[in-house]
S.K.: 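Please find one structure pasted underneath; my questions will follow.
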Amino acid sequence: MRKMDTTFYFITDSTGFSEEEFLYRVEQACEAGVTLLQLREKNKSTREYISLAEKVHAVTKNYQVPLILDDRLDVALAMGAEGVHLGQSDMPIETARRLAGDDMIIGATTKTVPQAMEAYEQGADYLGVGAIYPTTTKVKTVLTSTDTLRDICDAVPIPVNAIGGLNKDNIDILAGIPIAGICVVSAIMKAENPKKAAEDLYQRMKELGIG
């Protein structure tokens, strides 16, 4: 298995930020202890995505935080990211694994046990499961129950992370479920003090025994 720690998985959202402010928030999150960082850019051109990814990578490498690119294996390979994350409508996991080789981290979004088992069998290293709560980062949100989350954890031997609208005030619902960690976006990106928000969230995770 590729080397990674999905405990505290931060997913970016650059909407409304200057590049300088965005990179500052990325660094603040890394300083706070995020263990994996996904760059998610739905509306940038390939060239713009590569350029921003290289700048983010310069930050994450300083903190030994693996960089995962959302959707775009071509961009991840072009600029040397540590991994790629693929949704149900993206490139199949087995195709990505064949192209990327054995060293790249490949994550998958799943919402059901059959999807989770298929992703694992095709070579995914970890799963993001949700949305647990409604989220503002995607127009279409399909909610996943905590029962299904638990069933997915039981069905596959790879790390499973909960995702979707999670913050320090609502993650109690995940206590006792054998997830490897959580994925967060707005809880850090939209915080007035992103470093403190990340630290407080991480502390709450530890209190609840999450990850």
Side-chain angles (χ1 to χ4, degrees), residues 1-13 29-30 32-40 60 65-71 76 81-88 90 93 96 104-135 137-138 141-189 197-198 201-211:
M1 183 178 291
R2 272 54 57 181
K3 186 179 179 182
M4 61 177 180
D5 176 1
T6 68
T7 305
F8 194 15
Y9 190 140
F10 173 47
I11 302 171
T12 67
D13 180 2
C30 289
V34 298
T35 59
L36 210 58
L37 189 146
Q38 181 189 134
L39 179 63
R40 185 161 72 186
T60 59
V65 176
L67 175 63
I68 310 296
L69 292 201
D70 184 48
D71 296 347
E82 283 73 38
V84 66
H85 186 90
L86 301 170
Q88 289 296 310
D90 297 323
I93 301 295
M104 180 170 278
I105 299 168
I106 299 180
T109 297
T110 62
K111 298 179 182 298
T112 66
V113 170
Q115 287 178 357
M117 293 179 68
E118 179 182 50
Y120 162 66
E121 288 165 1
Q122 289 189 4
D125 292 302
Y126 72 88
L127 304 178
V129 176
I132 306 302
Y133 293 104
T135 170
T137 58
K138 291 186 177 180
T141 300
V142 178
L143 298 183
T144 300
S145 71
T146 53
D147 287 340
T148 297
L149 177 62
R150 185 185 297 276
D151 289 343
I152 289 173
C153 290
D154 292 339
V156 296
I158 55 176
V160 174
N161 272 40
I163 185 172
L166 299 170
N167 58 56
K168 69 180 179 64
D169 297 320
N170 66 17
I171 60 172
D172 301 49
I173 194 174
L174 301 174
I177 300 174
I179 54 174
I182 66 171
C183 305
V184 296
V185 188
S186 301
I188 296 175
M189 284 305 311
L201 176 55
Y202 204 10
Q203 179 59 38
R204 185 60 181 147
M205 287 171 59
K206 292 176 182 176
E207 292 169 0
L208 293 169
I210 293 173

S.K.: If you round to the nearest 0.5 Å, how far is CD1 of I163 from OG1 of T109?
M.R.: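 It is 6.5 Å, given to the nearest 0.5 Å.
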S.K.: For P134, check side-chain contact (heavy atoms from CB on, under 4.5 Å) against everything at least two apart and list the hits.
M.R.: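 In terms of side-chain contact (heavy atoms from CB on, under 4.5 Å), with neighbours along the sequence ignored, P134 is linked to L143.
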S.K.: How many angstroms lie between CG in D125 and CE in M4, if you round to the nearest 0.5 Å?
M.R.: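 D125 atom CG to M4 atom CE measures 4.5 Å (nearest 0.5 Å).
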S.K.: Just to verify, what does Y126 make a ring-ring contact (aromatic ring centres under 6.0 Å, His included) with, not counting sequence neighbours?
M.R.: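 For Y126 the ring-ring contact (aromatic ring centres under 6.0 Å, His included) partners, ignoring immediate neighbours, are Y9, H85.
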S.K.: Determine the minimum heavy-atom distance between I179 and C153, stating which atoms define it.
M.R.: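 Heavy atoms only, the tightest pair is CG2-SG, 3.7 Å.
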S.K.: Contact between M189 and F10 at the side-chain level, heavy atoms closer than 4.5 Å - yes or no?
M.R.: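 They are in side-chain contact.
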S.K.: Search all heavy atoms of T12 against all heavy atoms of R40 and return the closest pair with its distance.
M.R.: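 Distance-wise, the nearest heavy atoms are OG1-N, 3.3 Å.
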S.K.: Please report the interatomic distance CD(E118) to OG1(T110), rounded to the nearest 0.5 Å.
M.R.: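 It is 10.5 Å, given to the nearest 0.5 Å.
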S.K.: Quick one: are I93 and L86 in side-chain contact, heavy atoms under 4.5 Å?
M.R.: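 Sidechains of L86 and I93: in contact.
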S.K.: Within the structure provided, determine whether F8 and V65 are in side-chain contact (heavy-atom separation under 4.5 Å).
M.R.: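 Contact flag for F8/V65 side chains = no.
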S.K.: Sequence neighbours excluded, which residues qualify as side-chain contact (heavy atoms from CB on, under 4.5 Å) partners of T148?
M.R.: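 Scan of T148 (side-chain contact (heavy atoms from CB on, under 4.5 Å), adjacent residues dropped) gives T144, S145, I152.
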S.K.: Compare all side-chain heavy atoms of V185 with those of T135 and state whether any distance is below 4.5 angstrom.
M.R.: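 V185 does not reach T135 side chain to side chain.
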S.K.: Among residues at least two apart in sequence or on other chains, which ones pass side-chain contact (heavy atoms from CB on, under 4.5 Å) with A81?
M.R.: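 Listed in chain order: L67, L69, A76, M79.
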S.K.: Of all residues at least two apart in sequence or in a different chain, which pass the side chain to side chain donor-acceptor pair (under 3.5 Å) check with D70?
M.R.: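 So D70 forms a side chain to side chain donor-acceptor pair (under 3.5 Å) with K42.
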S.K.: For residues A119 and L127, report the shortest heavy-atom separation together with the two atoms involved.
M.R.: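 A119 and L127 have their closest heavy atoms at CB-CD2, 3.8 Å.
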S.K.: Just verifying a value: how many Å separate M205 CE and E207 CD, rounded to the nearest 0.5 Å?
M.R.: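 Spacing of CE (M205) from CD (E207) equals 11.5 Å.
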S.K.: Quick one: does L37's side chain get under 4.5 Å of P66's, heavy atoms only?
M.R.: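 Answer no - side chains too far apart.
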S.K.: Side chain to side chain donor-acceptor pair (under 3.5 Å) with E82: which residues, sequence neighbours excluded?
M.R.: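 Applying side chain to side chain donor-acceptor pair (under 3.5 Å) to E82 gives H57.
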S.K.: Listed by chain and number, what are the ring-ring contact (aromatic ring centres under 6.0 Å, His included) partners of Y120, not counting sequence neighbours?
M.R.: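 Result, ring-ring contact (aromatic ring centres under 6.0 Å, His included) vs Y120: none returned.
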S.K.: Name the atoms and distances for all side-chain donor-acceptor pairs under 3.5 Å in residues 155-162, with sequence neighbours left out.
M.R.:
| unit_1 | atom_1 | unit_2 | atom_2 | d |
| --- | --- | --- | --- | --- |
| N161 | OD1 | T6 | OG1 | 2.9 |
| N161 | OD1 | G181 | N | 3.3 |
| N161 | ND2 | T6 | O | 2.7 |
| N161 | ND2 | I182 | O | 3.3 |

S.K.: Just do the side-chain contact (heavy atoms from CB on, under 4.5 Å) check on L201 and V184 with the steps written out, would you?
M.R.: CA-CA 10 Å; L201 176 55; V184 296; 3.6 Å; yes
S.K.: Which heavy atom of M104 sits nearest a heavy atom of G83, and at what distance?
M.R.: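 Answer, listing the atom of M104 first, then G83: CG-CA, 3.6 Å.
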S.K.: With sequence neighbours left out, what residues match D151 under side-chain contact (heavy atoms from CB on, under 4.5 Å)?
M.R.: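 Once residues adjacent in sequence are excluded, the partners of D151 under the side-chain contact (heavy atoms from CB on, under 4.5 Å) criterion are V113.
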S.K.: Which heavy atom of L166 sits nearest to which heavy atom of A187, and what is that distance?
M.R.: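 Closest heavy-atom pair between L166 and A187: O-CB, 3.6 Å.
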S.K.: Quick one: closest heavy-atom pair of K111 and Q115, and the distance?
M.R.: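 Scanning both residues completely, I find the closest heavy atoms to be N-OE1, 2.8 Å.
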S.K.: Can you give each donor-acceptor pair under 3.5 Å made by side-chain atoms of residues 169-177, sequence neighbours left out, with the distance rounded to 0.1 Å?
M.R.:
| unit_1 | atom_1 | unit_2 | atom_2 | d |
| --- | --- | --- | --- | --- |
| N170 | OD1 | N167 | N | 2.9 |
| N170 | ND2 | G165 | O | 2.9 |
| D172 | OD2 | R204 | NH2 | 2.7 |

S.K.: Hey, could you give me the CD/CD1 distance between Q38 and I68, rounded to the nearest 0.5 Å?
M.R.: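 Those atoms lie 7.5 Å apart.
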S.K.: In Å, rounded to the nearest 0.5 Å, how long is the span from CD1 of I105 to CG of L36?
M.R.: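 If I round to the nearest 0.5 Å, the distance is 6.0 Å.
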S.K.: Go through the structure and list residues passing side chain to side chain donor-acceptor pair (under 3.5 Å) with D5, not counting sequence neighbours.
M.R.: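 Side chain to side chain donor-acceptor pair (under 3.5 Å) list for D5, sorted by chain: T7.
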